[in-house]
There are 2 protein chains.
Amino acid sequence: MGSKATLKNIAGILEISISTVSRALKDHPDIAQETKRKVRELAELMDYEPNAFAVYLRTNESKVIGLIVPEISNYFYHSFVSALENEARKKGYTLLILQSGNDSAVEEANLRLCKLNRVACIFVALCSETRDLATFNRIGSSGIPIVFFDKVPEDNNCIKVCLADRDIGRLAARTIVGKGKKNVLAMFGNPNLSITRKRKQGLTEEIKKLTPFVNVSTVTANNSSEAKAILIEAMEKKEKPDTVFCMSDEILTGVIMGINKLGLKMPQDIAVIAISNGFIPKLTNPEITYIETSGAVLGKKAMQTFTEILEKGISKKLDVINSKLVEGGSI
Amino acid sequence: MGSKATLKNIAGILEISISTVSRALKDHPDIAQETKRKVRELAELMDYEPNAFAVYLRTNESKVIGLIVPEISNYFYHSFVSALENEARKKGYTLLILQSGNDSAVEEANLRLCKLNRVACIFVALCSETRDLATFNRIGSSGIPIVFFDKVPEDNNCIKVCLADRDIGRLAARTIVGKGKKNVLAMFGNPNLSITRKRKQGLTEEIKKLTPFVNVSTVTANNSSEAKAILIEAMEKKEKPDTVFCMSDEILTGVIMGINKLGLKMPQDIAVIAISNGFIPKLTNPEITYIETSGAVLGKKAMQTFTEILEKGISKKLDVINSKLVEGGSI
DNA sequence: AGTAAAATTGCAAAGGTTTGCGATAATGTT
DNA sequence: AACATTATCGCAAACCTTTGCAATTTTACT
């Protein structure tokens with residue numbers, strides 16, 4: 001039956017050409033008002049919607065944006081995703097979400113999938129283990145813009161949107177020193193990531209710069225339970241830390257569990273300061289003092305950057321987002 | 001330049017026909033080994049990948065799955081999404097994620113977008129306010145299967161994957177009664193949702209059935225801060241509840257904040273039991289006793305259901321997932 | 001060698017849309 | 001009335017792939 005809603009069928013019924021229908025529907029000036037009216041009415045009636053694939057095929061561009069993250073169900077990313085999706089929808093784009101599960105091979109497969117689907121742009125937060133950016137470069141030079149966010153490569157020859165990680169570290173340092181703390185246990189995530197290195201650098205260097213009397217010992221915790229274990233072990237030594245710094249929500253989660261397990265009180269028994277999205281810090285008593293890294297703000301900024309790429313055709317850029325301290329009572 | 005990697009170009013270079021190239025690449029038995037070899041080599045070299053749109057257009061089916069939820073950054077959905085994405089990827093599908101932000105109009109727009117993109121299937125968790133399922137039915141009958149999950153319609157003439165909500169309510173009831181509690185403040189979310197009604201029914205009816213001596217007062221909290229406010233107000237009355245039941249993580253979050261604000265101890269000052277995904281309950285001291293509703297399990301099940309639809313072509317079905325009690329020390 | 005069967009390849013249409021350009025019809029100008 | 005404009009519209013190619021069927025070549029068999 002010829003009842004499928006296509007340009008061809010509409011044209012057939014109205015006994016006019018396909019091109020006229022096509023143009024009528026996009027309000028092309030060449031088409032007579034009367035014709036437009038008839039076409040629009042019938043299209044409405046038939047519930048016509050253009051076949052997206054045909055359009056993509058013809059125009060060779062899709063209104064889809066690729067997003068590749070290690071894990072969506074991460075405290076930080078899901079607010080980023082949420083914001084990005086919102087902004088994208090406003091502009092008529094839709095989001096193709098891929099997880100790479102911290103596996104470079106999957107990450108590469110996802111990248112191919114994006115290319116295959118001719119996405120308009122790819123937003124990427126790198127896997128911790130990714131070292132080789134060849135595939136990214138290849139795709140980037142094939143015409144699909146890539147915007148890195150949060151977990152970005154060191155290389156400056158690309159487009160990055162990230163947090164002012166070093167400043168965040170410094171801000172934490174000043175807060176800690178300001179409260180007169182002397183013995184800091186600073187917990188960080190994957191040391192491969194520039195985000196980790198920068199935060200660590202900011203924190204340690206700023207403390208050193210401010211005072212020689214504060215001792216900082218940095219450790220790596222790969223996940224919540226490691227963080228928990230490390231805290232518990234540290235608190236059993238005689239040289240106990242008086243402050244814990246948590247680089248991420250994931251680590252903070254572990255630390256909270258550890259504190260609860262040991263029945264410690266903040267800030268008397270142990271002070272806590274974290275870098276966080278702001279949700280978890282509100283759940284404790286007292287609330288935890290944290291430096292806010294808003295996934296939502298980052299998401300919005302990322303979309304903005306994409307718009308700029310489209311308009312101005314830039315190919316390298318660094319956007320940095322500032323953060324602020326939110327005081328709880330944990331330090 | 002003719003260097004774009006398409007079947008046509010490969011065929012041109014090798015001086016064979018497009019169809020031969022196409023078939024060679026899919027290892028069609030009609031094609032000679034030698035030819036296949038040559039084609040594959042060149043395709044590899046040229047970094048050929050089929051144009052997804054052309055394939056979709058031709059075959060009229062895409063390897064994309066639509067997902068419509070009120071909010072991704074919801075405690076429950078993001079684990080669902082994460083699991084679904086994983087399962088989908090295994091089968092070569094990719095996820096198109098749309099948020100409707102609890103707005104029926106946006107929800108409908110998203111639905112259209114899915115149709116427009118000819119997705120293979122749509123997974124939907126309804127907005128609280130959605131009452132009219134006409135659009136869903138229209139799309140459903142247009143050939144795209146729709147699988148409702150979590151927030152599902154009452155109507156049984158569709159495909160649903162959901163939790164054993166009434167049983168969950170009953171399980172909570174038995175736990176509360178078993179602990180000898182007498183005065184329960186039960187907090188629920190949007191009363192429009194069947195999920196809410198069922199949980200409420202399960203809880204209240206089971207308690208009534210078990211004993212006449214327990215008083216349950218049910219209230220509606222639309223978000224975290226309302227939940228917090230309600231708890232605080234309730235604890236200031238002289239007929240204080242001895243137990244709070246939280247229907248969701250969102251409500252639980254508010255309750256925890258309220259408890260912290262008032263400086264209450266669980267379970268002495270107030271006992272808490274919740275329905276939760278399991279993350280937040282681990283953050284308190286003592287940990288909160290909860291009935292686990294795994295987004296991950298639901299996601300996996302949802303994908304399974306889709307596979308069944310594909311294979312057996314069913315059009316109505318109800319899948320129910322059981323839950324279990326996880327004991328913390330909050331009751 | 002001649003024919004049948006099998007192996008290999010190509011033709012061409014189809015899928016739905018967009019768009020440059022040419023064709024036709026309507027209107028305006030002298 | 002003859003010509004120039006302008007307003008409308010249609011033709012046909014292009015985007016890239018898939019696939020039924022026909023055409024061609026090779027191999028097998030008598």
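Letters A, B, ... mirror the listed sequences (proteins, then strands); counts begin at 1.
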### Query
Parallel under 30°, tilted from 30 to 60°, perpendicular over 60°: which one fits the rings of B:Phe149 and B:Tyr77?
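Because their plane-to-plane angle is over 60°, the rings of B:Phe149 and B:Tyr77 count as perpendicular.
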### Query
Any side-chain heavy-atom pair from B:Lys301 and B:Phe306 closer than 4.5 angstrom?
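No, side chains not in contact.
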Spacing between [X] atom [atom1] and [N] atom [atom2], to the nearest angstrom:
X	N	atom1	atom2	answer
B:Leu57	D:dC15	CG	P	14 Å
B:Asn9	D:dC15	CG	C1'	13 Å
A:Asn51	C:dA14	CG	P	17 Å
A:Tyr56	D:dT17	OH	P	18 Å
B:Leu7	C:dA12	CG	C1'	16 Å
A:Lys26	C:dG16	NZ	C1'	12 Å
B:Glu34	D:dT25	CD	C1'	16 Å

### Under 4.0 Å protein heavy-atom contacts per nucleotide of nucleotides 9-14 of chain D, with B for base, S for backbone only and - for none
BBBBBB
### Query
Does one side chain, of A:Ser79 or A:Asn277, offer a donor that lies under 3.5 Å from an acceptor on the other?
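A:Ser79 vs A:Asn277: donor-acceptor pair found between side chains.
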### Query
Are A:Tyr48 and C:dT17 close enough that a side-chain N or O sits under 4.0 Å from OP1 or OP2?
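For A:Tyr48, the contact criterion (side-chain N or O under 4.0 Å from OP1 or OP2 of C:dT17) is met.
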### Task
Indicate yes or no for a side-chain donor-acceptor contact from B:Lys160 to the backbone of B:Pro153 under 3.5 Å, with no hydrogens or angles considered.
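Yes; at least one donor-acceptor contact below 3.5 Å.
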### Task
Without swapping roles, check the side chain of A:Glu108 against the backbone of A:Thr135 for a donor-acceptor pair under 3.5 Å.
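A pair under 3.5 Å: no.
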### Task
List for me each residue that meets ring-ring contact (aromatic ring centres under 6.0 Å, His included) alongside B:Phe123, sequence neighbours excluded, and say none if there are none.
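Checked B:Phe123 against ring-ring contact (aromatic ring centres under 6.0 Å, His included); zero matches.
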